[in-house]
Engineer: 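Let me give you the structure first, and then I'll get to my questions.
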Amino acid sequence: MIKVKKPFVNLEQLKEITKEYPTPFHLYDEKGIRENARKLHQAFAWNEGFKEYFAVKATPNPTILKILKEERCGADCSSLTELMMSEQVGFSGDDIMFSSNVTPKEDFELASKLDAIINLDDITHIEFLEEIAGIPETISCRYNPGNNFKSDNDIMDNPTEAKYGFTYEQLVEGFNILQEKGAKHFGIHAFLASNTVANEYYPALAKILFETAVKLNKETGAHISFINLSGGVGIPYRPDEEPADILAIGEGVRKAYEEILVPAGMNDVAIYTELGRFMLGPFGHLVATAIHEKNIHKNYIGLDACAANLMRPAMYGAYHHITVMGKENEPHDHKYDVTGGLCENNDKFAIDRMLPKIDKGDLVVIHDTGAHGFAMGYNYNGKLRSAEVLLKEDGTTELIRRAETPADYFATLDI
Ligand SMILES: *Cc1c(COP(=O)(O)O)cnc(C)c1O
C-alpha cells in the first residue's frame, strides 16, 4: 500500500485558482502557517522570554513575514536585502536577529542602524564590527563545538567540518573582549543539524548550549540573557515519516533547562529559535501542469515547472511528494520520472515514482515547498521565477509576488 500526503487544496479549488494565476506557482496556506506558529509558542510557553525569529531566507516574502509578525515572530536575517525586507515589514530592534557569516561591511552597518541583535560568526568580527558600528550592549556569538560532543553524533552533523562559529576557547576570549568593550548581555547560538525529525535534536542541542552557558558564565562572569537554538527542526517530506512533535520538543528543552540552568541560578535565560523549514515547509505547494508525456527507455512526464522553481530534488536528491490532482484514489500503477525542461538531466522532481496515470493537462501538486523552495530559485536556461500566491483563511487568494516576465530577466542588461 503506497502512503500518500493530502494537499491543503482540492482539485475544484485549484481549478478556480488556476483560472486566475497560470501555473507554475507556489501556493501558501495561511491557516496552516498560523496554526503551526501558535503550536510552537504553546510548546515554549514555559519560557518567559521565548521568541521565534523566522529564518527569512527560507521564504523571503513580505506578506509571509507580516503573517508571522502577527503571530509574534521576529525575523532572522543573514544578508543586506533580508534586513531591508524585514525593515520594510516593520521589524526593528530586538525583533531582528542578524545571524550572518562572511559578513560584508554594509550588512553590519544596516544591522546596527536597525538595532538588530547581532550574532557574530567569528572572533575577528568583534574588531570588524567595532570599527564599523561599535559594540552594542547586547550581543550574541555563534558556537562551533567541533568534536567535543561525540556522544550526540548520531543526531548532529559533524561540526568539525562546518565553517560556522567560534571554538569554545574563542568564546571565552571573545566574551572577555566584548565585556571590556562595553557589552553587557550575551547570547549563544549554534546550528548543528539540519532537517531533523527526531524529537531529540533540540533537547540535545539545548543541553550542549546550556552546559556551555554555565561554564562561560563561571569563567567570564558574562551575563547570558538568551540561548538561540537556531533552525534545524525538520518536516516529514516522505509520507511514511513521523512529523516532529513540537510539544514534546518543547518539553525536552524545558527538562534540560531545569536540570542545567536553574540549579546554576540562570533561570532568566530566554530561549530563541530561528526556524525556517518547520514554520513554512509543509504550508507551501508548487502547483504545475503536466505538459508533455514521453516514452523512451523510461516514461517521462514533463511539467511546466522545473528545478529553477524548486532546486532541492536536483541539488540534494531530496524527496518531494507529488499528488496528481483529482486522481488521489486511482491506483498508483504507473512508474514515471517527473521532469522539468532545463537542459540538465538532474532536473527531475521524481525518479521512478509510482503514480496514477498522468494525462496532459493534469494539475500536479509538489508538496512541502513552503521553505527553501521559491527562495532557492534561479534563472538558469533563462527560466523565469514563478508567482507566489497566498490561500487565505477565508478561502480566497492573493497574489503575493507576481511572476517574472522576460523584461525582468533583461532588466540588468543594456541591449
Ligand atoms: C538556514 C538557517 C536557519 C533556518 O534553518 P531551517 O533548517 O530552515 O530551520 C536558521 N538560522 C540560520 C543561521 C540559518 O542559516
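The basis for the numbers below is simple: all heavy atoms, side chains too, and nothing from hydrogens, waters or symmetry mates. For ligands, and for the atoms within them, numbers begin at 1 and follow the listed sequence. Numbers here are sequence positions counted from 1.
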Engineer: Between ligand 1 and Phe191, can you find any atom pair, the residue atom being a heavy atom, that is separated by under 4.0 Å?
Structural biologist: yes
Engineer: Please identify which atoms of ligand 1 are closer than 4.0 Å to at least one heavy atom of Asp76.
Structural biologist: 10 (C), 11 (N), 12 (C)
Engineer: Counting only heavy atoms closer than 4.0 Å, does ligand 1 sit against the backbone of Ala58, its side chain, both, or neither?
Structural biologist: neither
Engineer: Please write down residue, atom name and distance for the protein heavy atom closest to atom 10 (C) of ligand 1.
Structural biologist: Glu274 O, 3.0 Å
Engineer: Among residues two or more places apart or on two chains, list those pairs meeting ring-ring contact (aromatic ring centres under 6.0 Å, His included) that have a residue in residues 379-406.
Structural biologist: none
Engineer: Below the 3.5 angstrom mark, is there an N/O of Gly276, backbone or side chain, next to an N/O of ligand 1?
Structural biologist: yes
Engineer: Can you name the atoms of ligand 1, numbered from 1 with element, that are less than 4.0 Å from a heavy atom of Lys57?
Structural biologist: 1 (C), 2 (C), 3 (C), 14 (C), 15 (O)
Engineer: Does an N or O anywhere in His189 fall below 3.5 Å from an N or O of ligand 1?
Structural biologist: no
Engineer: Within 45 degrees of the axis of the six-membered ring of Phe226 and under 6.0 Å from its centre: does Lys51 put its NZ or CZ there?
Structural biologist: no
Engineer: State whether Asp368 and Arg277 are salt-bridged, where the test is any N-O pair (Lys NZ or Arg NE/NH1/NH2 against Asp/Glu carboxylate O) under 4.0 Å.
Structural biologist: no
Engineer: With atoms numbered from 1 as shown, which atoms in ligand 1 lie under 4.0 angstrom from a non-hydrogen atom of Arg142?
Structural biologist: 13 (C)
Engineer: So, is Ser99 polar-close to ligand 1, with some N/O to N/O distance under 3.5 Å?
Structural biologist: no
Engineer: Just distances here: any N/O of Asn195 and N/O of ligand 1 closer than 3.5 Å?
Structural biologist: no
Engineer: Determine the interplanar angle of the Phe108 and His125 rings, folded into 0 to 90°, and report it as parallel if under 30°, tilted if 30 to 60°, perpendicular if over 60°.
Structural biologist: perpendicular
Engineer: List ligand 1 atoms under 4.0 Å from Arg277, heavy atoms only on the residue side.
Structural biologist: 6 (P), 7 (O), 8 (O), 9 (O)
Engineer: Kindly write out the residues that satisfy side-chain hydrogen bond (donor to acceptor under 3.5 Å, both in side chains) with Asp29, not counting sequence neighbours, or none if the list is empty.
Structural biologist: none
Engineer: Between Glu328 and Lys6, is the closest basic N to carboxylate O distance under 4.0 Å?
Structural biologist: no
Engineer: Under 6.0 Å between ring centres: does that hold for His26 and His285?
Structural biologist: no
Engineer: Pull out every atom of ligand 1 sitting under 4.0 Å from any heavy atom of Ser230, numbered as shown with elements.
Structural biologist: 10 (C), 11 (N), 12 (C)
Engineer: Are Gly232 and ligand 1 in contact, using a heavy-atom cut-off of under 4.0 Å?
Structural biologist: yes
Engineer: Passes side chain to side chain donor-acceptor pair (under 3.5 Å), Thr63 versus Glu398? Steps please.
Structural biologist: CA-CA 10 Å; Thr63 307; Glu398 181 188 337; 4.5 Å; no
Engineer: If you measure from the Lys or Arg side-chain nitrogens to the Asp or Glu carboxylate oxygens, is any gap between Glu251 and Arg254 under 4.0 Å?
Structural biologist: yes
